[in-house]
Q: 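Here it is, the structure, as structure tokens.
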Amino acid sequence: MWGVVRVVHLLWVIMLCLATTNRALSLTDCKDQFPMKWVNGNGAVRFSHQPEDSNYLHAPLVFRAVDDRDVRLGTAPATVFGRTVYISKQEMHQLLEKISELPMSWCISEKVKDFEPSWKLNYHWEMDVKIIFAAGTAESQIDPDRICDTLTSLDPAIKTNRALWEFQFFRIGFHCTVPHFNPGAYPDRLP
């Protein structure tokens, strides 16, 4: 019996080491600079995090840029990728500029990756930030102790009322304080 327990324990240690090594290897291509040359108003940004102490799935929040006349502008439907908020290209440009000012390291790829469906995400300790541009993909993480402060600093870039409300509602799910937040502002919003 003790032999089986030791083998199982050893396998868990090996799997943990491999997971840690793969994560460390994937971060070796990171840079301290955000790829501002890619910022042109197009693109999409996804924030995703699953706290270890949570007993429900936190849907990721996705911002997507659309033209000013697009009927989706100012809407926030639930999709397989998370709650998707449609904002203008100008607003996306402002959001990406604000994100570029954050003290974060970015893993940059010239390969345009897509967002994974919510149920396929590999959640871990940090909040994942993934940005897709026509020129490539940038990925980073926010330390859990810095989630509230970091995301709050992005509020000034978001001008669309519905988009700002969704962003603040998303933060409340992580126990962030959002002064003057009105949870009933959008009664059409399904959880």
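Not measured: the values here are computed from a predicted model.
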Q: Is there any salt bridge (charged side-chain N to carboxylate O under 4.0 Å, His left out) pair reaching into residues 131-151, and which pairs are they, with sequence neighbours excluded?
A: Lys113-Glu139, Arg146-Asp149
Q: Let me see the working for Ile172 and Gln168 under side-chain contact (heavy atoms from CB on, under 4.5 Å), right down to the final yes or no.
A: CA-CA 6 Å; Ile172 285 175; Gln168 292 175 342; 5.6 Å; no
Q: Quick one: side-chain contact (heavy atoms from CB on, under 4.5 Å) partners of Lys98, sequence neighbours excluded?
A: Glu101, Leu154, Pro156, Ala157
Q: Of all heavy-atom pairs between Phe170 and Pro60, which one has the smallest distance, and what is that distance?
A: CE1-C, 4.2 Å
Q: Under the rule for side-chain contact (heavy atoms from CB on, under 4.5 Å), what residues qualify as partners of Ala59, not counting sequence neighbours?
A: none
Q: Tell me, please, which residues at least two apart from Thr160 pass side chain to side chain donor-acceptor pair (under 3.5 Å).
A: Glu91
Q: Just verifying a value: how many Å separate Ile131 CD1 and Leu96 CG, rounded to the nearest 0.5 Å?
A: 5.5 Å
Q: Could you check whether any side-chain N or O of Gln50 sits under 3.5 Å from a backbone N or O of His58, counting only pairs where one atom can act as donor and the other as acceptor?
A: yes
Q: For residues 150-179, which residue pairs qualify under disulfide bond (SG atoms under 2.5 Å apart), counting only residues two or more places apart or in two chains?
A: Cys148-Cys176
Q: To the nearest 0.5 Å, what is the distance between NZ (Lys159) and CD (Gln94)?
A: 6.0 Å
Q: Distance-only, no hydrogens or angles: does the Ser109 side chain make a donor-acceptor pair with backbone N or O of Gly136 under 3.5 Å?
A: no
Q: Just so I know, are the side chains of Leu151 and Met127 near enough to count as touching, which here means a heavy-atom distance under 4.5 Å?
A: yes
Q: Quick test of your reading: applying ring-ring contact (aromatic ring centres under 6.0 Å, His included), list the pairs with at least one residue in residues 60-80, sequence neighbours left out, ordered by first then second residue.
A: Phe63-Phe167
Q: Holding to side chain to side chain donor-acceptor pair (under 3.5 Å), I want the full list of residues that pass it with Asp67, two or more places apart in sequence or in another chain.
A: Lys89
Q: Taking all atoms of both residues into account, what is the closest heavy-atom pair of Asp68 and Ser88, and its distance?
A: OD1-CB, 3.3 Å
Q: Rounded to the nearest 0.5 Å, how far apart are CZ of Arg64 and CE of Met92?
A: 8.5 Å
Q: Within this structure, what is the CG-OG1 distance for the pair Asp188 and Thr75, rounded to the nearest 0.5 Å?
A: 10.0 Å
Q: Return the set of residues passing salt bridge (charged side-chain N to carboxylate O under 4.0 Å, His left out) with Glu116 (not counting sequence neighbours), or none when no residue passes.
A: Arg46, Lys130
Q: Taking a hydrophobic cluster as the set of Ile, Leu, Val, Met, Phe, Trp and Tyr residues connected by side-chain heavy atoms closer than 4.5 Å, whether directly or through intermediates, do Tyr186 and Val178 fall within one such cluster?
A: yes
Q: Keeping to residues at least two apart or across chains, list the salt bridge (charged side-chain N to carboxylate O under 4.0 Å, His left out) pairs with something in residues 163-178.
A: Asp155-Arg171, Arg162-Glu166, Glu166-Arg189
Q: Which residues end up grouped with Ile132 if you chain together Ile, Leu, Val, Met, Phe, Trp and Tyr wherever their side-chain heavy atoms are less than 4.5 Å apart?
A: Val62, Val80, Phe81, Val112, Phe115, Trp119
Q: Walk me through it: do Arg83 and Phe169 pass the test side-chain contact (heavy atoms from CB on, under 4.5 Å)?
A: CA-CA 11 Å; Arg83 179 67 61 179; Phe169 186 73; over 6 Å; no
Q: Identify, with sequence neighbours excluded, every residue that meets side chain to side chain donor-acceptor pair (under 3.5 Å) alongside Thr79.
A: Thr84
Q: Name all residues meeting the ring pair (Phe, Tyr, Trp, His ring centres under 6.0 Å) criterion together with Phe181; count only those two or more places apart in sequence or in a different chain, and write none if there are none.
A: Trp165
